[in-house]
A.B. asks: 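Take a look at the following structure, please.
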Amino acid sequence: MTENAYHPQSLEPAIQERWERDGYFHAPAHPSGEKFYALAMFPYPSGQLHMGHVRNYSIVDAIARYQRMRGKTVLHPMGWDAFGLPAENAALKNGSAPAAWTFSNIEHMRGQLKRLGLSYDWEREIATCTPDYYRWEQWLFLQLWEKGLAYQKLSTVNWDPVDQTVLANEQVVDGRGWRSGALVERREIRQWFLRISAYADELLAGLDTLQGQWPDQVLAMQRNWIGRSEGAEIHFPLADGDDVIKVFSTRPDTLFGATYLAVAAEHPLAMKAAESDTTVARFIERCKHVAVSEASMETQEKEGVPLGIQVRHPLTNALLPVWTANFVLMGYGEGAVMSVPAHDQRDFEFAHKYQLPIRIVIQSAENSPENPHELEAALTAPGQLIHSQSFTGLDSQAAKGAITEALVARGLGQKTVNYRLRDWGISRQRYWGNPIPMIHCPHCGVVPVPEKDLPVELPTHYQLHDPRSPLLDDPAFLQVDCPQCGAAAQRETDTMDTFVESSWYYARFACPDAEQMLDARAADWLPVDQYVGGVEHAVLHLLYARFFNRLLRDVGLLPKDGAHDEPFRRLLTQGMVLKDGSKMSKSKGNTVDPQAILDRYGADTARLFILFAAPPEQSLEWSDSAVEGAHRFLQRIWRMVQDYTGPVPTLAQPLGDAARDLRRAIHQCIERVTLNMEDRQHFNVVIAACMELSNQLARAEATPGSDEHAVLGEGLRTLLLLLNPFAPHLAEALWDKIGDGVTILTHPWPVADPAALHSDTVTLVIQINGKLRERLDFPIASQTKELEASVLAHPEMARHLQDKTVRKVIVVPGRLINIVVS
RNA sequence: GCCCAAGUGGCGAAAUCGGUAGACGCAAGGGACUUAAAAUCCCUCGGGUUUUCCCGUGCCGGUUCGAGUCCGGCCUUGGGCACCA
């Protein structure tokens, strides 16, 4: 073993020490020149880094380091999504306090991240479970309460009757509590909600501005989740009394085909009917029961019972019966639908089952039976209206507008838009989370904690014995004087969903020490230029963060200039890390511990492999031998640079042929790498191009003093610059030897020299009828006509062309010539 | 059922606009060096033929001088949503 062999285990910590000492990764308070904010979705401090983390952070670090070399002022922070259930579970399992457990995990994982050599500005580190962070979230909650964007309503939870606690969905296993094994009950309790629905339209429209910057898949998922549908609200007056039943329909053109109404089991009219009708009461009871087991929901048969009441059709005044049915959702629209069996498949099936009338009112080209008994399925296509009074003859599109207008004229309806998106329930009946800053007073009702009393600190001294929140039993936390009347009152004990913390942390990173939620630094650094994380957050986290960014704007913390509406300009969703074809997980026992890879090969090998094995958005198959391959490549680079003797010479002009070809390869590599760093971010191709170049450099006949030796020097330096984002420790150590004395971290990214790319000749592929036959060289400046003539006259072509008639010659400049013969 | 991706060697994958299919790497086989091994270096590596062609990018058609790439129709896999009126 020679003293200058490649030893990442000692080399990497030494380089990391240098980076830390020189403070290269500290971002200034305000960016100077062009800024670039690179961010990975921050981790939950579970205790150990896994390969998914390594992949995520290697991608972002490569981008951050690349952007620094492009001369940008880079912000690249890291923090901890530190509230949440696992800390409570761990506390119950081994008696640790959630806070202590969390902070010790953070300690360990921070060490692992540092060992990976990720270029974070550690001075901006945030842990969301510290009062310095969550107090601002409480502050924002008070602003939202003022604006009516935070409110309380009844909502269903899973209740464990043995442990006397609310369970999260993932704590319910086969309908039973995960710990007690007791059958879970559903309970309605008052919970806190944020009115994200008020931003539905804006969140939907904002997606258009992200087109091309976010994966189409994520945009599509968010669009579906918001689920906007246009239609009409239609009022059906009750036959007895003054009341109306409101329904929502996307097909007001089929209004004359409505033959009955159906309301949800929880609908007030159904509840009222149940008081005097035992059949209805029993049906409602059964609906509640079935809803408990979610599996049966999917296969559930469509069922219903008549309520014994009638409504009048808003345009014909015909009497229609009202049913309650198990497929009508109380939470969507008005909890009631008009049923048009002829033109809606679900209504069709229901009408058949209960012998309800079917009226055909739309005729379409493909299918136009006039007799309802001929129908085998609902006619859902748009078409021309029939049997629809004065609207007969209109097409569906026109009829939607005309019928809606007629309803408006009678005061029995209006054009309206409905969303699938529901308001965000943020209440958690858990201990380890951010306390909701509200007080319940027996006289004043719900009263906000005064701003001066923030933060409501979460006590951290409890020893947990069962899953019940200790806040419920702690008078020191619970008892408080009402801020309004001074009477004895109680604190809210619900804490916030941890998605709330992750909805604004990216903004806090810009000003982690601000004495308000955000200060002017946030506007300077936002939006995040490149965000990277798992596709599992495609909807919830990414939608909530988009919502919160607009809330921050609307309480005046971010500019209303249009440029700060969206939090994340560009999004990359990285694929999973697989082993033996399935996701790495402890339960499957197929995990690879990043620590073991670091110990054995070092951070550069781990990072290089994980970026080389697949494009970042695709899933990645772990391969021990491919890791070896990545390590071999780094060793080869190490040796090539060590073997490069003498100072790097300057290039002689003009160069010999071999040196010129080598230099062209170097600059073609720069072009190819740069393109992939910017546009497609296919780092696997970038690394492949570097490997290709290293192979070419290794083959060079470079005796010291020759042209090629000088070009080899240029090639090796270029290679180190191109590899720096992926193997930064090795690149820096070797740069010490053959670089220019200035740190490689901020060295300008190489630019391809047009003179080096130039060639006097071009090799064209010659095809006959589209099939490859020859490769021939031609002068670079040849005109199409000249090329055509010289290829047909070329001696190599004679045997391909004999006994053939040339019909056509296609010349694609710089690429190929296709000779069409017969 | 609806929406969105993706199907290329033994394996991971390349191939900006329609223009040389399989770059780069892994595995495998052969060779050099070595007492030997490791390491390193060189050669081969889609299939069929054996000296020049034929076939080949999930399947069937189409457009084109030319299709992995575009169009139509299927099949398979993965992901999302799912009684949304």
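Each chain gets a letter, A, B and so on, in the order the sequences are listed, and its residues count up from 1. Every value quoted in this text rests on a predicted model; they were computed, and no experiment measured them.
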A.B. asks: Give a yes/no on whether any side-chain N or O of His800(A) is located under 4.0 angstrom from OP1 or OP2 of C53(B).
C.D. replies: yes
A.B. asks: Find the distance Glu774(A):CD to U52(B):C1' and express it as a whole number of Å.
C.D. replies: 11 Å
A.B. asks: Please figure out whether Glu628(A) or Val685(A) has its closest RNA chain B nucleotide nearer the 5' end.
C.D. replies: Val685(A)
A.B. asks: Taking the basic N atoms (NZ, or NE/NH1/NH2) and the acidic carboxylate oxygens, is any pair closer than 4.0 Å for Glu303(A) and Arg286(A)?
C.D. replies: yes
A.B. asks: May I ask you to decide if the ring planes of His541(A) and His537(A) are parallel, tilted or perpendicular, using 30° and 60° as cut-offs?
C.D. replies: perpendicular
A.B. asks: In whole angstrom, give the distance that lies between atom CD of Glu788(A) and atom C1' of C65(B).
C.D. replies: 13 Å
A.B. asks: Report the base-pairing partner of A6(B) (Watson-Crick or G-U wobble, both distances below 3.5 angstrom), or none.
C.D. replies: U76(B)
A.B. asks: With a non-hydrogen cut-off below 4.0 angstrom, is Val535(A) in contact with a base, only sugar-phosphate, or nothing?
C.D. replies: nothing
A.B. asks: Measuring only the C1' atom in each nucleotide, how far is G56(B) from G47(B)? A whole number of Å is fine.
C.D. replies: 7 Å
A.B. asks: Picking from A14(B), G19(B), C55(B), which would you name as closest to the side chain of Lys771(A)?
C.D. replies: C55(B)
A.B. asks: Taking only the side-chain heavy atoms of Met691(A) (C-beta and beyond), determine which of C24(B), C65(B), A85(B) contains the nearest atom.
C.D. replies: C24(B)
A.B. asks: Look at all strands and tell whether Phe612(A) reaches a base, only sugar-phosphate, or nothing, counting heavy atoms closer than 4.0 Å.
C.D. replies: base
A.B. asks: Would you indicate what Asp216(A) reaches in the nucleic acid, counting non-hydrogen atoms under 4.0 angstrom: base, sugar-phosphate, or nothing?
C.D. replies: nothing
A.B. asks: Using heavy atoms to find the nearest nucleotide of RNA chain B for Glu621(A) and Ser625(A) separately, return the residue whose nucleotide is more 5′.
C.D. replies: Glu621(A)
A.B. asks: Reckon Gln618(A) has a side-chain N or O less than 4.0 Å from the OP1 or OP2 of A13(B)?
C.D. replies: yes
A.B. asks: Have a look at G18(B) and give me syn or anti from its glycosidic angle (syn if within 90° of zero).
C.D. replies: anti
A.B. asks: Sticking with atom C1', work out how far A32(B) lies from A14(B), rounded to a whole angstrom.
C.D. replies: 31 Å
A.B. asks: Whether Asn695(A) contacts G25(B) is assessed here as follows: a side-chain N or O lying under 4.0 Å from the phosphate OP1 or OP2. Is that the case?
C.D. replies: yes
A.B. asks: Rounded to the nearest angstrom, tell me the gap between atom CG in Leu421(A) and atom P in A82(B).
C.D. replies: 12 Å
A.B. asks: Is the distance between the ring centroids of Phe609(A) and Tyr601(A) less than 6.0 Å?
C.D. replies: no
A.B. asks: For nucleotides G48(B) and U34(B), find the distance between their C1' atoms and express it as a whole number of Å.
C.D. replies: 40 Å
A.B. asks: Please determine, for A37(B), whether a Watson-Crick or G-U wobble partner exists with both distances under 3.5 Å, and give it or none.
C.D. replies: none
A.B. asks: Who does C84(B) pair with, Watson-Crick or G-U, both distances under 3.5 Å?
C.D. replies: none
A.B. asks: Please tell me which of the listed nucleotides, C81(B), C26(B), G19(B), lies nearest to the side chain of Ser623(A)?
C.D. replies: C26(B)
A.B. asks: Distance check needed: C83(B) P versus Asn326(A) CG, whole Å only.
C.D. replies: 12 Å
A.B. asks: Classify Arg807(A) by what it touches in the nucleic acid, base, sugar-phosphate, or nothing, heavy-atom distance under 4.0 Å.
C.D. replies: nothing
A.B. asks: So, OP1 or OP2 of C26(B): does either fall under 4.0 Å of a side-chain N or O from Arg632(A)?
C.D. replies: yes
A.B. asks: Quick one: which of Gln345(A), Arg346(A), Lys353(A), His352(A) gives a side chain to side chain donor-acceptor pair (under 3.5 Å) with Glu349(A)?
C.D. replies: Gln345(A)
A.B. asks: Can Arg600(A) and Glu628(A) be counted as an ion pair, charged N to O under 4.0 angstrom?
C.D. replies: yes
A.B. asks: Taking 4.0 Å as the cut-off, does a side-chain nitrogen or oxygen of Arg799(A) come that near to OP1 or OP2 on C53(B)?
C.D. replies: yes
A.B. asks: Looking at every strand, decide which applies to Pro215(A) at a 4.0 Å heavy-atom threshold: base, sugar-phosphate, or nothing.
C.D. replies: nothing
A.B. asks: Do Phe256(A) and His313(A) have their ring centres less than 6.0 Å from each other?
C.D. replies: yes
A.B. asks: Tell which nucleotide pairs with C53(B), taking only Watson-Crick or G-U wobble pairs whose two distances are both under 3.5 angstrom.
C.D. replies: G48(B)
A.B. asks: Atom CG of Asp344(A) and atom P of A85(B): how far apart are they, to the nearest Å?
C.D. replies: 9 Å
A.B. asks: Going by the glycosidic torsion and a 90 degree boundary from 0, is the base of C17(B) oriented syn or anti?
C.D. replies: syn
A.B. asks: When both hydrogen-bonding distances must be under 3.5 Å and the geometry is Watson-Crick or G-U wobble, what is G12(B) paired with, if anything?
C.D. replies: C24(B)
A.B. asks: Hey, is the side chain of Arg346(A) poking within less than 4.0 Å of OP1 or OP2 on C84(B), counting only N and O atoms?
C.D. replies: yes
A.B. asks: Quick one: label Ser339(A) by what it contacts on the DNA or RNA (base, sugar-phosphate, nothing), any heavy atom closer than 4.0 Å.
C.D. replies: nothing
A.B. asks: Test your reading of the model: is there a side-chain donor-acceptor pair from Arg773(A) to the backbone of Met797(A), 3.5 Å cut-off?
C.D. replies: no
A.B. asks: Just how far, in rounded Å, is P of C4(B) from CD of Gln217(A)?
C.D. replies: 11 Å
A.B. asks: If I compare all heavy atoms of Met338(A) with all of Asp347(A), which pair ends up nearest, and what's the gap?
C.D. replies: O-OD2, 3.8 Å
A.B. asks: Any base atoms under 4.0 Å from Arg773(A), or only sugar-phosphate, or nothing? Heavy atoms, all strands.
C.D. replies: sugar-phosphate
A.B. asks: Without decimals, in angstroms, what is the distance between His7(A) NE2 and A39(B) P?
C.D. replies: 16 Å
A.B. asks: Looking for any heavy atom pair under 4.0 Å, which part of the strands does Arg420(A) touch: base, sugar-phosphate only, or nothing?
C.D. replies: base
A.B. asks: Without decimals, in angstroms, what is the distance between Gln668(A) CD and A14(B) P?
C.D. replies: 21 Å
A.B. asks: State whether Arg223(A) and Asp208(A) are salt-bridged, where the test is any N-O pair (Lys NZ or Arg NE/NH1/NH2 against Asp/Glu carboxylate O) under 4.0 Å.
C.D. replies: yes
A.B. asks: Identify which nucleotide among A14(B), C81(B), A85(B) has an atom closest to any side-chain atom of Thr250(A), counting heavy atoms from C-beta outward.
C.D. replies: A85(B)
A.B. asks: For Gly227(A), which contact category applies under a 4.0 Å heavy-atom criterion: base, sugar-phosphate, or nothing?
C.D. replies: nothing
A.B. asks: Closest approach to the side chain of Asn224(A), judged atom by atom: which nucleotide of G25(B), C3(B), A21(B) is it?
C.D. replies: C3(B)
A.B. asks: Does a nitrogen or oxygen in the side chain of Lys302(A) sit under 4.0 Å from OP1 or OP2 of C83(B)?
C.D. replies: no
A.B. asks: Can you tell me how far C1' in C4(B) sits from the matching atom in C43(B), rounded to whole Å?
C.D. replies: 46 Å
A.B. asks: Which nucleotide in the set C24(B), G25(B), C65(B) lies at the smallest distance from any side-chain heavy atom of Arg636(A)?
C.D. replies: G25(B)
A.B. asks: For atom P, what is the distance between G58(B) and U76(B), given to the nearest Å?
C.D. replies: 16 Å
A.B. asks: Looking at C4(B), U16(B), G19(B), which one has an atom nearest to any side-chain atom of Arg680(A)?
C.D. replies: U16(B)
A.B. asks: Say you pick atom C1' in G73(B) and the same atom in G80(B); how far apart are they, in whole Å?
C.D. replies: 25 Å
A.B. asks: Suppose you measure atom P in C45(B) against the same atom in G25(B); what distance do you get, rounded to whole Å?
C.D. replies: 15 Å
A.B. asks: Which base, if any, makes a Watson-Crick or G-U wobble pair with G19(B), both distances under 3.5 Å?
C.D. replies: C65(B)
A.B. asks: For A27(B) and C42(B), measure between their P atoms and round to the nearest Å.
C.D. replies: 16 Å
A.B. asks: Assess the pair Trp424(A) and Phe499(A): is the distance between their ring centroids shorter than 6.0 Å?
C.D. replies: no
